[in-house]
J.: 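Handing you this structure, nothing more for now.
Letters A, B, ... mirror the listed sequences (proteins, then strands); counts begin at 1. Computed from a predicted structure; not experimentally measured.
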Amino acid sequence: MNQQELADLFERIADLLEIKGEVIYVTRAYRRAAESLRGLAEDIQVVHLEGRLTSIPGIGKAISEKIKELLTTGRLTFLEKLEDEVPPSLLEVLQVPDVGPRKAALFWKQAGIITREGLRQAALAGKLRNLPGMGEKSEARILAGIAALERMGGRHSLETAWKSAHIWLEWLRSLPSVQQAQPAGSLRRWKETIGDLDLVVASNEPGQVMQAFTHHPDVLEVKGQGEYKASVELRSGMRIQLWLQPPHRFGSLWQYATGSKHHNIRLREYAIQKGCSLSERGILLANGEYHECETEEEVYHHLGMVWIPPELREDRGEIQAALENRLPALIETQQRQAELHCHTTWSDGILSIEEMARFARAKGIRLLAITDHSAGLGVAGGLTVDRLRDQRAEINAVQQKLGDTIQLIQGAEVEIRSDGSLDYPNEVLAELDIAIASLHSSLKQPREVVTQRLVNAINNPHIDLIGHPSGRLFPRREGADLDWDTVLSAAVKNGVALEINASPYRLDLNDIYARRAAEMGILLAVNTDAHSQLDFELVRYGISVARRAWLTAGQVINTWQPQRILSWLHSRNKNST
DNA sequence: GCCGTTTTCGGCCCGACTGTTTTCAGTCG
């Protein structure tokens with residue numbers, strides 16, 4: 001059992017306890033522990049074996065005992081008893097919008113409802129309206145909520161969300177009563193996937209903005225609307241939440257709406273320690289005065305810390321670091337100088353080597369590695385050894401044609417076969433300027449097997465970089481169940497770099513392991529894995545993972561001068577021969 | 001249930017919005 005699964009179980013316990021009626025602080029403690037486990041980059045087994053469980057924030061005596069029981073027996077008596085008391089199927093009722101723990105308990109205890117379908121039937125039969133605190137409107141909301149749940153496509157990719165957000169922000173900015181419109185929420189923090197779009201607006205005529213927003217032709221339904229915020233569902237199924245404040249309070253609003261929730265809670269707890277109270281309206285000082293903030297910087301500065309980049313606002317130590325003025329100088333997109341992973345018509349790309357090189361150059365890329373697939377990946381039309389050698393001639397020819405405006409090197413994305421061997425023999429790998437090894441198949445192998453495959457590749461002296469290490473694909477394919485401690489240790493030992501694949505459907509390594517890797521001294525590479533010219537634009541998504549991982553430019557190879565990258569690759573090759 | 005340069009006990013983020021209420025509870029972010 002890994003920490004993600006443990007986190008899911010503790011969330012489950014929190015939900016069930018809440019329905020049962022446990023005091024809020026107990027359930028909050030379980031949620032805090034779950035969140036902490038999700039952000040843990042270390043292997044929980046190792047933490048357990050070294051007796052360090054209670055050093056994890058939010059995990060004390062009681063929860064650490066439960067973790068021990070789960071890790072040693074695979075079961076948890078406490079949860080089993082709880083599930084006897086509270087029907088677990090109530091968790092699907094809890095997912096219905098506007099149904100929280102109190103309502104779920106009400107439906108269960110007073111109407112015998114324990115499933116979502118049961119809830120739907122009861123609502124259709126008009127049996128909910130007579131329950132205490134319920135009425136016809138609440139009953140209708142529940143039916144609408146169940147319907148929404150069924151048509152909602154779940155979370156959106158970062159790319160989908162940003163494309164939509166840009167259109168809406170442009171539209172909002174075109175309104176005469178809007179002074180400022182900005183992205184907020186998980187979008188602005190560049191989380192891997194996005195639920196709702198959160199947008200914030202500064203305006204002195206909030207009523208006009210609200211009116212225009214809720215009457216936009218793309219709006220299917222207005223879910224809620226007040227003076228300061230509105231929530232709508234679009235015809236596309238996406239939801240948008242809009243927050244409004246006058247310009248002199250915009251900083252407080254933007255800070256609040258950006259989150260994360262855990263970051264805000266931590267920040268507000270800190271504010272209390274300092275004798276003030278923080279909210280989306282401003283800072284309530286000890287003397288009773290309200291300090292309103294026009295900018296986010298004012299909010300953080302007032303609390304005695306530097307402004308925190310949104311990507312870091314996940315309650316992973318950023319507030320302490322900001323107080324001590326030791327936040328990293330995060331990598332920026334425009335610092336990218338090299339692209340080390342792309343495909344051409346030689347395998348499954350859609351452009352020739354020359355076309356890719358020209359487009360890369362236009363994007364400011366000064367070094368481009370052509371890394372087509374090896375033969376083993378049948379679907380991608382991978383290169384045999386003979387074709388690989390032919391390709392070198394074409395790369396040289398294009399290099400000659402383009403002169404010193406861009407440096408081209410030859411690499412390959414070498415398949416790690418299901419038996420752990422590599423797709424090219426060592427003497428062929430040795431001829432390459434850069435060798436990337438990637439997993440594409442047999443990702444469902446048991447942890448020890450799939451981990452060993454990756455470690456074999458890392459141990460090969462000719463491999464420089466591991467491509468999209470876990471192999472995950474949003475939204476469908478889970479990554480391999482890797483033993484990350486083993487993988488990262490092998491990478492450190494061999495000086496092999498790990499890729500942060502920038503495709504919004506991969507984002508692999510993720511932020512948590514990228515941060516851990518960098519802390520261990522492993523080099524990272526942010527690559528787009530481009531198959532066409534448009535894919536070069538995806539770099540921003542990869543950079544967002546790097547920023548969420550607290551990375552500086554120096555830790556990411558792609559920001560290095562071409563000459564430095566070549567020296568690094570050269571030194572690796574020399575060491576191995 | 002967790003946690004502590006104001007506490008090992010007594011706290012635990014804060015406000016907007018909705019519906020059923022007539023002053024508030026529940027949900028959400």
Side-chain angles (χ1 to χ4, degrees), chain A residues 10 13-14 17-19 21-36 53-67 78 93-107 128-142 144-145 184-187 189 195-200 206 210 222-231 239-245 249 252-253 255-284 290 303 313 315 319-320 323:
Chain A
F10 287 126
I13 289 172
L17 282 176
E18 237 170 12
I19 296 173
E22 180 59 271
V23 293
I24 185 72
Y25 301 111
V26 177
T27 61
R28 189 178 291 175
Y30 280 103
R31 291 192 200 286
R32 177 102 174 254
E35 195 56 33
S36 201
L53 284 177
T54 52
S55 71
I56 301 171
I59 292 179
K61 190 166 180 297
I63 294 183
S64 68
E65 288 300 326
K66 293 185 173 69
I67 294 175
F78 177 79
V93 172
L94 203 56
Q95 287 180 341
V96 176
D98 300 316
V99 176
R102 300 301 181 109
K103 294 263 179 71
L106 174 78
F107 299 151
L128 296 182
R129 61 183 66 176
N130 297 323
L131 294 171
M134 292 289 293
E136 284 187 39
K137 282 190 176 176
S138 305
E139 194 175 71
R141 274 177 85 91
I142 293 206
S186 51
L187 183 72
R189 301 197 316 278
D196 305 344
L197 287 190
D198 295 303
L199 307 178
V200 291
M210 278 298 177
V222 178
K223 295 283 183 188
Q225 182 184 358
E227 195 179 348
Y228 297 109
K229 66 190 224 194
S231 171
R239 284 180 173 215
I240 302 185
Q241 302 199 82
L242 185 74
W243 278 274
L244 283 160
Q245 284 288 341
R249 287 208 287 253
S252 292
L253 171 68
Q255 192 286 318
Y256 158 71
T258 297
S260 68
K261 181 177 181 164
H262 296 280
H263 173 84
N264 284 353
I265 289 175
R266 184 69 62 153
L267 201 63
R268 288 171 178 201
E269 283 172 353
Y270 180 74
I272 291 173
Q273 277 182 39
K274 295 270 114 185
C276 48
S277 167
L278 179 68
S279 80
E280 56 266 46
R281 303 174 67 91
I283 303 173
L284 181 61
Y290 234 97
L303 294 171
R313 301 183 196 171
D315 190 22
I319 290 173
Q320 197 57 39
L323 283 166

J.: Round to a whole Å and report the spacing from CG of A:L253 to P of B:dG29.
T.: 16 Å
J.: Under 4.0 Å, counting only non-hydrogen atoms across every strand here, what does A:I24 touch: a base, just sugar-phosphate, or nothing?
T.: nothing
J.: Scan A:V99 against the nucleic acid and name what it touches under 4.0 Å (heavy atoms): base, sugar-phosphate only, or nothing.
T.: sugar-phosphate
J.: In whole angstrom, give me the gap between the P atoms of B:dT27 and B:dT20.
T.: 14 Å
J.: Between B:dC28 and B:dT22, how far is it from one C1' atom to the other, in whole Å?
T.: 25 Å
J.: Run the side-chain hydrogen bond (donor to acceptor under 3.5 Å, both in side chains) test against A:Q255 and tell me which residues pass, sequence neighbours left out.
T.: A:N264, A:Y300
J.: Please tabulate, for the side chains in residues 268-279 of chain A, all donor-acceptor contacts under 3.5 angstrom to protein atoms that are two or more places apart in sequence or on a different chain.
T.:
unit_1	atom_1	unit_2	atom_2	d
A:R268	NE	A:L278	O	3.4
A:R268	NH2	A:E280	OE1	3.3
A:S279	OG	A:R281	N	3.1

J.: Which residues satisfy the side-chain hydrogen bond (donor to acceptor under 3.5 Å, both in side chains) test with A:S252, sequence neighbours excluded?
T.: none
J.: Under a 3.5 Å limit for both distances, which nucleotide forms a Watson-Crick or G-U wobble pair with B:dT8, could you say?
T.: none
J.: Taking atom C1' of B:dG1 as reference, at what distance in whole Å does atom CD1 of A:I67 sit?
T.: 13 Å
J.: Base of B:dT6 relative to its sugar, syn (within 90° of 0) or anti?
T.: anti
J.: Closer to the 5' end of DNA chain B via nearest nucleotide, is it A:S64 or A:G100?
T.: A:S64
J.: Would you kindly give the CD-to-C1' distance between A:Q320 and B:dT5, to the nearest whole Å?
T.: 12 Å
J.: Specify the separation, in whole Å, of atom CG of A:L197 and atom P of B:dG29.
T.: 14 Å
J.: Of the non-hydrogen atoms in A:P57 and A:S36, which two are nearest, and what is the gap between them?
T.: O-OG, 2.8 Å
J.: Between B:dG29 atom P and A:L242 atom CG, what is the distance in whole Å?
T.: 15 Å
J.: Taking the side chain as everything from C-beta on, heavy atoms only, tell me whether A:R249 gets closer than 4.5 Å to A:Y228.
T.: yes
J.: Mind checking what makes side-chain hydrogen bond (donor to acceptor under 3.5 Å, both in side chains) contact with A:Y30, not counting sequence neighbours?
T.: A:K66
J.: For B:dT21 and B:dA16, measure between their P atoms and round to the nearest Å.
T.: 24 Å
J.: Identify the heavy atoms of A:M134 and A:L106 that sit nearest to each other, and give their distance.
T.: CG-CD2, 4.0 Å
J.: Please give the distance between the C1' atoms of B:dG11 and B:dT6 as a whole number of Å.
T.: 13 Å
J.: Whole-Å distance between B:dC24 P and A:K103 NZ?
T.: 18 Å
J.: Can you tell me how far P of B:dG29 sits from CD of A:Q255, to the nearest Å?
T.: 18 Å
J.: Using heavy-atom distances to pick each residue's nearest nucleotide on DNA chain B, tell me which of A:T54 and A:A257 is more 5'.
T.: A:T54
J.: For B:dC2 versus B:dT8, give the span between their C1' atoms, rounded off to a whole number of Å.
T.: 12 Å
J.: Between B:dT23 and B:dC9, how many Å separate the two C1' atoms, rounded to a whole number?
T.: 33 Å
J.: Among the candidates B:dC28, B:dG29, B:dG1, find the nucleotide nearest to the side-chain atoms of A:Y30.
T.: B:dG1
J.: Quick one: what's the B/S/- string for nucleotides 11-21 of chain B, heavy-atom cutoff under 4.0 Å, read 5' to 3'?
T.: -BBBSSSSSS-
J.: What is the distance from CD of A:E65 to C1' of B:dG1, rounded to the nearest Å?
T.: 13 Å
J.: Tabulate below the donor-acceptor pairs under 3.5 Å that side-chain atoms of residues 94-104 of chain A make, not counting sequence neighbours, or state none.
T.:
unit_1	atom_1	unit_2	atom_2	d
A:Q95	OE1	A:R116	NH2	2.9
A:D98	OD1	A:R141	NH2	3.4
A:D98	OD2	A:R141	NE	3.2
A:D98	OD2	A:R141	NH2	3.2

